Amino acid sequence: MQEQLSNYIKKSIDVTDEDLEIILSYFKPIKKNKNDLLLSQGETSQQTFFVGKGCLRIFFVNEEGKDVTRYIAFENQFATALVSFITKSPSTEYIQVIEKSEILYINHRDFTNLMEIVPKWREFYCKYLEKAYVNNTNRLMSFTTMDALERYNQLLKINPTVVRRLSNKVVASYINVSQETLSRLKSKN
């Protein structure tokens, strides 16, 4: 898993072997089972996760009591409740393990400390935030400009792994449709 993280970081920034070794030393491995919660609503996000194997989802429960999936992270992706992580305020989101997973995590204090002792880590963080911003903006745009079928087709085009690996419940929650609507959309493809 350390090698996966190393490759991911090197794709994002030019980093010396010495700095990379320091960065990697702050990440700790954990194994989690399906449906384990890494963060619950009301807790402050204190960790950022890198998925080595498996899958995490970030979701919230809307005023109707329905799960709304905001983000899904498969292998070689980071995940955290970013707003809570940045503001140190209680999270409105949950982070759930949706496939048995092997994960590396870094806590907030170490993450911040790395930016002080390894300046390249700040560059990595900027790129991470840019990706998150682009991803969230594109998702918001899809909800305001596309109908359900267009969102489903876009998901198939951009991230078909979501449809292939995850339950209809999670996929429906991710594109903000009912499971019945998702079944109809799938039958049209």
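Only heavy atoms go into these numbers, but all of them, side chains included; no hydrogens, no water, no symmetry mates. Everything numeric here is computed off the predicted structure, so don't read it as measured data.
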Enumerate donor-acceptor pairs with a distance under 3.5 Å from any side-chain N or O in residues 86-98 to protein atoms, sequence neighbours excluded.
residue	atom	partner	partner atom	Å
Thr87	OG1	Val83	O	2.7
Thr87	OG1	Ser89	N	3.3
Thr87	OG1	Ser89	OG	2.5
Ser91	OG	Glu93	N	2.8
Ser91	OG	Glu93	O	2.9
Glu93	OE1	Arg70	NH2	3.4
Glu93	OE2	Arg70	NE	2.4
Tyr94	OH	Gln41	OE1	3.4
Gln96	OE1	Arg57	NE	2.8
Gln96	OE1	Arg57	NH2	3.3
Gln96	NE2	Asn35	OD1	3.4

Query raised in the report: What's the shortest heavy-atom distance between Leu149 and Leu185, and which atoms?
Result: CA-CD2, 3.6 Å
Report summary line: Taken in chain and number order and not counting sequence neighbours, the residues that satisfy side chain to side chain donor-acceptor pair (under 3.5 Å) with Asn7 are none
Report summary line: Contacts of Glu180 meeting side-chain contact (heavy atoms from CB on, under 4.5 Å) (sequence neighbours excluded), chain-then-number -> Ser178, Arg184
**Report entry** Nearest-0.5 Å distance that lies between atom CD in Glu102 and atom CE in Met1
**Finding:** 5.5 Å
Requested in this report: Using the test side chain to side chain donor-acceptor pair (under 3.5 Å), find all partners of Ser40 that sit at least two apart in sequence or belong to another chain.
Outcome: none
Contacts table for residues 116-125: side-chain donor-acceptor under 3.5 angstrom, sequence neighbours left out:
residue	atom	partner	partner atom	Å
Lys120	NZ	Asp14	O	3.3
Lys120	NZ	Glu123	OE1	3.2

Requested in this report: Could you list all the salt bridge (Lys or Arg N to Asp or Glu O under 4.0 Å) pairs where at least one residue sits in residues 44-53, not counting sequence neighbours?
Outcome: none
**Report entry** Residue from Phe85, Tyr8, Phe49, Phe111 passing ring-ring contact (aromatic ring centres under 6.0 Å, His included) with Phe78
**Finding:** Tyr8
Report task. Supply the atom-to-atom distance Ile103 CD1 to Thr48 OG1, rounded to the nearest 0.5 angstrom. Result -> 12.0 Å
Query raised in the report: Is it true that Tyr105 and Leu5 fall in one hydrophobic cluster, defined by side-chain heavy atoms closer than 4.5 Å?
Result: no
Report task. To the nearest 0.5 angstrom, please state how far the NZ atom of Lys127 sits from the CD1 atom of Ile9. Result -> 12.5 Å
Kindly list each side-chain donor-acceptor pair under 3.5 angstrom involving residues 20-34, sequence neighbours excluded, with atom names and distances?
residue	atom	partner	partner atom	Å
Ser25	OG	Ile22	O	2.6
Tyr26	OH	Asn113	ND2	3.1
Lys28	NZ	Ser25	O	2.9

Requested in this report: Check which hydrophobic residues are tied to Phe60 through side-chain heavy-atom contacts below 4.5 Å, counting indirect links as well, and list them.
Outcome: Val68
**Report entry** Distance in Å, Leu182 CG paired with Ser187 OG, rounded so as to fall on 0.5 Å steps
**Finding:** 9.5 Å
**Report entry** Any residue meeting side chain to side chain donor-acceptor pair (under 3.5 Å) with Ser142, in chain and number order, not counting sequence neighbours
**Finding:** none
Query raised in the report: Would Phe74 and Val162 count as a side chain to side chain contact (heavy atoms under 4.5 Å, CB included) if you check the C-alpha gap in whole Å, the side-chain angles of each, and the deciding distance to 0.1 Å?
Result: CA-CA 9 Å; Phe74 291 108; Val162 170; 3.7 Å; yes
**Report entry** Side-chain heavy-atom pair Leu82, Tyr128 within 4.5 angstrom cut-off
**Finding:** yes
Requested in this report: Taking Thr161 for its side chain and Asn159 for its backbone only, find out whether a donor-acceptor pair lies under 3.5 Å.
Outcome: no
**Report entry** Linked, directly or transitively: Val61 and Leu39 (ILVMFWY side chains, under 4.5 Å)
**Finding:** no
Query - All pairs passing salt bridge (Lys or Arg N to Asp or Glu O under 4.0 Å) where residues 141-155 contributes a residue, at least two apart - result: none
Requested in this report: Identify, with sequence neighbours excluded, every residue that meets side-chain contact (heavy atoms from CB on, under 4.5 Å) alongside Ala79.
Outcome: Leu56, Ile58, Tyr71, Ala73
Query raised in the report: Okay, side chain of Gln179, backbone of Asn168: is any donor-acceptor separation there less than 3.5 Å?
Result: no
Report task. Output the distance between atom CG (Asn176) and atom CG (Asn62), rounded to the nearest 0.5 Å. Result -> 8.0 Å
**Report entry** Least distance between heavy atoms, Ser45 atom then Thr80 atom
**Finding:** OG-OG1, 3.0 Å
**Report entry** Under 3.5 Å: donor-acceptor pair, side chain of Ser6, backbone of Gln2
**Finding:** no
Report summary line: Residues passing the side-chain contact (heavy atoms from CB on, under 4.5 Å) test with Arg109, sequence neighbours excluded, are Asn107
Report task. Verify the cluster assignment for Leu166 and Tyr152: are they in a single hydrophobic cluster under the rule of side-chain heavy atoms below 4.5 Å apart? Result -> yes
Query raised in the report: Hey, does the side chain of Ser101 reach the backbone of Cys55 with a donor-acceptor pair shorter than 3.5 angstrom?
Result: yes
**Report entry** Tyr174 with Leu37, same ILVMFWY side-chain cluster at under 4.5 Å
**Finding:** no
Report task. Could you grab the distance from atom CG of Leu140 to atom CG of Asn135, nearest 0.5 Å is fine? Result -> 11.5 Å
Query raised in the report: Does Val171 belong to the same Ile/Leu/Val/Met/Phe/Trp/Tyr cluster as Met146, with side-chain heavy atoms less than 4.5 Å apart forming each link?
Result: no
